[in-house]
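Comments concern the structure below.
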Amino acid sequence: MERFELAVEAVRRAGDALRASRVEDSDIQFKTGYKDLVTYWDRRIEQLLREEILAAFPDDTIVGEEYPPSDGSGSVWYIDPIDGTTNFVNRHRDYAVSVGCWDGEKPVFGLVLDVENDALYWAKPGGGAWRNDRALSVSRRTNPREMLLTTPGVQYTFLEGHEWRERLVKLARTVRGVRCLGSVALELCELAAGESDLFVTLRSSPWDHNAARIIVAEAGGAICTVSGDPLPITEKSTVLAANSKESLSSALKLLSP
Ligand code: 2AM
Ligand code: CA
């Protein structure tokens with residue numbers, strides 16, 4: 001089986017397991033604090049995905065959120081077993097399994113499973129972006145005043161005293177509306193589907209965005225850091241995404257001091 005087919009099957013099975021799981025059996029623990037959670041299911045799903053991938057492709061590398069990276073020389077798999085753990089713990093609908101496969105700086109495919117809707121977002125370079133069997137494309141809005149902005153963490157984005165706070169508030173005041181799902185991967189997929197127009201976060205990890213960024217690009221969107229630099233593949237980063245390069249430039253202007 002090819003990597004993509006294996007990944008689709010493994011991610012679908014992970015979704016089945018998560019929908020059947022009981023939050024009461026989740027062993028909820030704090031990572032960096034009470035707003036940053038990990039559960040039995042985050043670890044279990046990552047283990048299952050790692051085992052399946054490495055059994056078929058033992059030379060590949062796995063970079064997942066919950067375990068140290070494996071050593072390998074083949075393709076690199078960026079895995080977030082649950083993106084939106086707080087939503088999962090609340091049985092709130094928006095959490096995802098995210099699997100992005102890369103050959104160095106070259107994207108191979110991205111898969112993001114919206115678990116509660118059992119909807120699979122996927123993309124391969126040059127093959128378009130898809131939600132199950134429906135082709136996706138970004139919105140056509142060009143005026144920031146008509147745009148819907150999403151950000152996964154309202155508290156971190158707007159309420160904490162970091163250097164970007166005022167600039168992000170300026171962006172939020174300019175757009176038509178702001179929404180917060182609580183999952184980097186799903187919010188990027190919403191942008192790819194044309195359901196929002198802009199996305200911003202000040203903290204994202206390779207396993208959060210390296211699958212969905214392929215989907216955004218294939219749907220016609222554009223992505224970078226909040227400073228306008230190329231989004232790194234192997235490091236944690238801020239993320240700004242938009243429905244076009246032009247909208248990205250407009251958002252960067254609004255974020256400038
Ligand atoms: P997670 O659910 O995998 O932790 C909202 O919290 C979004 O930001 C989620 O996609 C979450 O991923 C992500 N995120 C990234 N860094 C985070 C951090 N340090 N604490 C909490 N959420 C973080
Ligand atoms: Ca996670």
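One-based numbering, in listed order, for ligands and for the atoms of each. From a predicted model like this one, the values you see are computed outputs, not experimental measurements.
When heavy-atom distances to ligand 1 are checked against a 4.0 Å cut-off, D83 comes that close through both its backbone and its side chain. At a heavy-atom distance under 4.0 Å, only side-chain atoms of D208, from C-beta outward, approach ligand 1. Using a 4.0 Å cut-off between heavy atoms, K31 makes no contact with ligand 1 at all.
A salt bridge is absent between E218 and R213: the closest approach of a Lys/Arg side-chain nitrogen to an acidic carboxylate oxygen does not fall below 4.0 angstrom. A salt bridge links E46 with R50: the distance from a Lys NZ or Arg NE/NH1/NH2 to an Asp or Glu carboxylate oxygen falls below 4.0 Å. Salt-bridge check for D118 with R12: passed, with a basic side-chain N closer than 4.0 Å to an acidic carboxylate O. A salt bridge does not link R141 with E246: every distance from a Lys NZ or Arg NE/NH1/NH2 to an Asp or Glu carboxylate oxygen is 4.0 Å or more. A salt bridge links E116 with R91: at least one charged nitrogen is closer than 4.0 Å to a carboxylate oxygen.
Ring to ring, Y95 and W41 are not that close: their centroids are 6.0 angstrom or more apart. Aromatic ring centres of H209 and Y78: separated by at least 6.0 Å.
Of all protein heavy atoms, the one lying nearest to atom 4 (O) of ligand 1 is E65 OE2, 4.0 Å. The nearest heavy-atom contact from the protein to atom 2 (O) of ligand 1 is G84 N, 2.6 Å. Of the protein's non-hydrogen atoms, the one nearest atom 6 (O) of ligand 1 is G182 O, 4.4 Å. Given atom 7 (C) of ligand 1, the protein heavy atom at minimum distance is P152 CB, 3.6 Å.
Under the 3.5 Å distance criterion, with hydrogens and angles disregarded, a donor-acceptor pair is assigned to the side chains of D60 and W77. Side-chain contact annotation: T157 with T151, donor-acceptor N/O pair under 3.5 Å present.
At least one heavy atom of I82 lies less than 4.0 angstrom from ligand 1. Residue contact annotation: S183 has a non-hydrogen atom under 4.0 Å from ligand 1.
Among the atoms of T85, some N or O lies under 3.5 angstrom from an N or O of ligand 1. When only interatomic distances are considered, the shortest N/O to N/O separation between V184 and ligand 1 falls below 3.5 Å. For ligand 1, the polar-atom distance check against S205 finds no nitrogen or oxygen pair separated by under 3.5 Å.
Nearest residue to atom 22 (N) of ligand 1 from Q155, R203, E66 is R203 (criterion: closest heavy atom).
Our summary of the site lists the angle at the Ca ion (ligand 2) between OE1 of E65 and OD2 of D80 as 80°, to the nearest 10 degrees.
For the Ca ion (ligand 2), the set of nearby N, O or S atoms under 3.0 Å includes none belonging to P81.
Applying the 4.0 Å criterion to heavy atoms of D80 picks out, from ligand 1, the atoms 3 (O).
Residues E65 and D42 form no side-chain contact, since every pair of their non-hydrogen atoms from C-beta on lies 4.5 Å or further apart.
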